[in-house]
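Here the structure comes first, spelled out in structure tokens, and everything after it is commentary.
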Amino acid sequence: MNIHTTEDSVRILGKTFSLLIAPGRIQSRIEEMAMEISNDFLKKNPLFICVMNGAFLFTADLLRHIHPRSGLDFIRVSSYNGTEREKTIRTIWGLTEKISGRNIIILEDIIDSGNTISYLCEELEKEKPLSVCVASLLLKDIPRESAVKIAYTGFKIPDVFVAGYGMDYHGEGRNLQGIYKLINSNNPC
Ligand code: IMP
Ligand code: MG
């Protein structure tokens, strides 16, 4: 087995990660975000777009608490290789829903450099939506070139590499209920 968990730390592929955000805090913050989004999008029939793979748990938990009529679609982009940033962002799967005339809410697990979200917003704007906004569970507290405004943020975190609650370390750790930060590393991202 590659993942060993204690309350405060996990080992994934030989690296130690320590607890940053406990499961209970994640769930209560997501409920608050859902309440805010629901109030802002009453009668606007928003289309949620889950950015796979990292945002799958965030999307599932958030949508359980969204009450206005809404739709859901998925997109998959790739910008990471382990903990190292890749420069090129590639769309792997496209959307199936019509974007034109819809109020779009992009659901992200984490905003780091902001390159992925800038790319996605630019691509979606080409389809002439009524509006586009972003809800991200995590936002790394770093200066970034990208000017995209994040309308809904779960937690601001320091510039560390995290895994758990949908986010992976070399393909593992997505199933962890809490969010853990990598320690003992020269490459914290
Ligand atoms: P960005 O383009 O640099 O903002 O990174 C965007 C994507 O990279 C996020 O949506 C995540 O899927 C992934 N990512 C960024 N930081 C981390 C991290 O600390 N752990 C796991 N994945 C990350
Ligand atoms: Mg992501």
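Computation of the quantities below employed the complete heavy-atom set of this structure, encompassing side-chain atoms and omitting hydrogens, waters and symmetry-equivalent molecules. Start at 1 and go down the list; that is how both ligands and their atoms are numbered.
- With respect to L137, the side-chain contact (heavy atoms from CB on, under 4.5 Å) criterion is satisfied by exactly one of L107, I30, I110: I30.
- Heavy-atom contacts of E108 reach the following atoms of ligand 1: 10 (O) (cutoff under 4.0 Å).
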Item checked: Stepwise side-chain contact (heavy atoms from CB on, under 4.5 Å) test for L13 and E172 -> CA-CA 8 Å; L13 299 173; E172 302 202 15; 3.6 Å; yes

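- For ligand 1, the atoms lying closer than 4.0 Å to a non-hydrogen atom of T116 are 1 (P), 2 (O), 5 (O), 6 (C).
- In this structure, D168 counts as a contact residue of ligand 1, since one of its heavy atoms falls inside 4.0 Å of the ligand.
- Proximity to G114 (heavy-atom distance under 4.0 Å) selects the following atoms of ligand 1: 1 (P), 3 (O), 4 (O).
- Y165 and D61 form a side-chain donor-acceptor contact under 3.5 Å, judged by distance and modelled atom types alone.
- Look at K140 and you'll find a heavy atom under 4.0 Å from some atom of ligand 1.
- Within the 4.0 Å heavy-atom criterion, neither part of I117 lies near ligand 1.
- Checked by atom type, the side-chain pair R144/S113 shows no donor-acceptor distance below 3.5 Å.
- Residue Q177 qualifies as open at atom CD: its count of foreign heavy atoms under 6.0 Å is 12 or below.
- Between V51 and ligand 1 there is no heavy-atom distance shorter than 4.0 Å.
- A distance-only check finds no donor-acceptor pair linking the side chain of R25 to the backbone of G178 [under 3.5 Å].
- Not a single heavy atom of G54 sits closer than 4.0 Å to an atom of ligand 1.
- For V160, every heavy-atom contact with ligand 1 shorter than 4.0 Å involves the backbone, none the side chain.
- With the Mg ion (ligand 2) as vertex, D109 OD1 and E108 OE1 subtend 70°, rounded to 10°.
- By the rule that hydrophobic residues join a cluster once side-chain heavy atoms approach within less than 4.5 Å of another member, I49 and L130 end up as members of separate clusters.
- Residue-to-ligand polar distances keep M167 apart from ligand 1: every N/O pair is separated by 3.5 Å or more.
- In this structure, A163 has no heavy atom closer than 4.0 Å to ligand 1.
- Near F161, the atoms of ligand 1 lying under 4.0 angstrom from a non-hydrogen atom of the residue are 18 (C), 19 (O), 20 (N), 21 (C).
- A side-chain donor from one of D73 and T96 sits under 3.5 Å from a side-chain acceptor of the other.
- Between R76 and V51, the closest side-chain pair of non-hydrogen atoms is not below 4.5 Å.
- Comparing heavy-atom distances from atom 10 (O) of ligand 1 across V77, D109, D112 singles out D109 as nearest.
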